[in-house]
Amino acid sequence: MPVTDQRVLDHAFLRNLYRSDYYPDPVVDLGRAVLVRLCERIEAERPADLAALYALTHAATEEFNGLQDDFAAAGSEIETVAREEIAEDFWFVAQVYGFKDADAEELIAPRDW
């Protein structure tokens, strides 16, 4: 199911990573795809509470964990700037879908970056 929320469609996920030569666009594209899939899942599954939202965001965070090798192979890494940008986009997603009380750290709790 494609994303239908216009705010998500208009949002430039990982914008600052695309602006930096340190992060190769093909790898950033993989991260952007993770965030778009998260939005698709939220729209399809309509989590009823924070626990259900966290289950979805944790799965997406695990996907980001898996991208570390892709970043490394491209001569980059998920470091401070990338961590903050990714976390901000998870926060944006939670806010757009009405989870105003979501804990920013809990959204990405299983991260190992």
Side-chain angles (χ1 to χ4, degrees):
M1 170 179 187
V3 172
T4 60
D5 190 293
Q6 193 61 47
R7 294 167 295 179
V8 172
L9 293 171
D10 292 341
H11 185 70
F13 285 111
L14 306 176
R15 174 187 6 235
N16 289 327
L17 302 188
Y18 282 112
R19 290 180 177 168
S20 172
D21 291 336
Y22 181 68
Y23 308 102
D25 285 356
V27 181
V28 178
D29 289 345
L30 297 173
R32 181 185 177 286
V34 169
L35 291 163
V36 170
R37 280 193 302 277
L38 171 61
C39 294
E40 290 169 347
R41 287 192 67 193
I42 291 171
E43 289 188 17
E45 297 179 25
R46 302 204 182 277
D49 56 21
L50 282 173
L53 174 69
Y54 292 148
L56 297 177
T57 64
H58 290 178
T61 300
E62 294 288 351
E63 287 187 64
F64 267 102
N65 289 346
L67 293 179
Q68 291 184 97
D69 290 340
D70 296 283
F71 276 95
S76 184
E77 66 179 308
I78 300 177
E79 43 69 71
T80 304
V81 171
R83 282 192 298 268
E84 290 177 9
E85 187 77 2
I86 294 164
E88 285 176 20
D89 278 338
F90 271 87
W91 176 250
F92 166 80
V93 169
Q95 298 306 296
V96 162
Y97 290 108
F99 293 94
K100 305 294 184 195
D101 295 331
D103 180 272
E105 288 299 317
E106 184 59 34
L107 289 170
I108 56 172
R111 72 183 169 109
D112 60 8
W113 26 270

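Because only heavy atoms are used, hydrogens play no part in the values below, and waters and symmetry mates are left out as well, while side chains stay in.
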Participant: For a side-chain contact (heavy atoms from CB on, under 4.5 Å) check, start with the C-alpha distance between L53 and I42, then their side-chain angles and the critical distance, and finish with the verdict.
Facilitator: CA-CA 8 Å; L53 174 69; I42 291 171; 3.7 Å; yes

Participant: Determine whether a donor-acceptor pair (N or O, by modelled atom type, separation under 3.5 Å) exists between the side chain of S76 and the backbone of F71.
Facilitator: no

Participant: Output the distance between atom CG (D5) and atom CD (E40), rounded to the nearest 0.5 Å.
Facilitator: 12.5 Å

Participant: Under a 3.5 Å distance rule, please check whether Y54 uses its side chain to pair with a backbone N or O of D103 as donor and acceptor.
Facilitator: yes

Participant: Can you measure from CG (N65) to CD1 (I108) and round to the nearest 0.5 angstrom?
Facilitator: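 Nearest 0.5 Å value for the CG-CD1 distance: 10.0 Å.
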
Participant: Do side-chain atoms of Q95 reach the backbone of F99 as a donor and acceptor pair under 3.5 angstrom?
Facilitator: yes

Participant: Which distance, rounded to the nearest 0.5 Å, do you find between the CZ of R32 and the CG of D25?
Facilitator: 12.0 Å

Participant: What are the two closest heavy atoms between Y22 and G75, and how far apart are they?
Facilitator: CE1-O, 3.8 Å

Participant: Check whether any side-chain N or O of D89 sits under 3.5 Å from a backbone N or O of L14 as a donor-acceptor pair, and report yes or no.
Facilitator: yes

Participant: Hydrogens and angles aside, do N16 and E84 bring a side-chain donor and acceptor to less than 3.5 Å of each other?
Facilitator: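 Distance-only check fails for N16 and E84.
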
Participant: Could you tell me which non-hydrogen atom of T57 sits nearest to which non-hydrogen atom of F90, and how far apart they are?
Facilitator: O-CE2, 3.6 Å

Participant: Counting only heavy atoms not in D49, do more than 12 sit closer than 6.0 Å to its CG atom?
Facilitator: yes

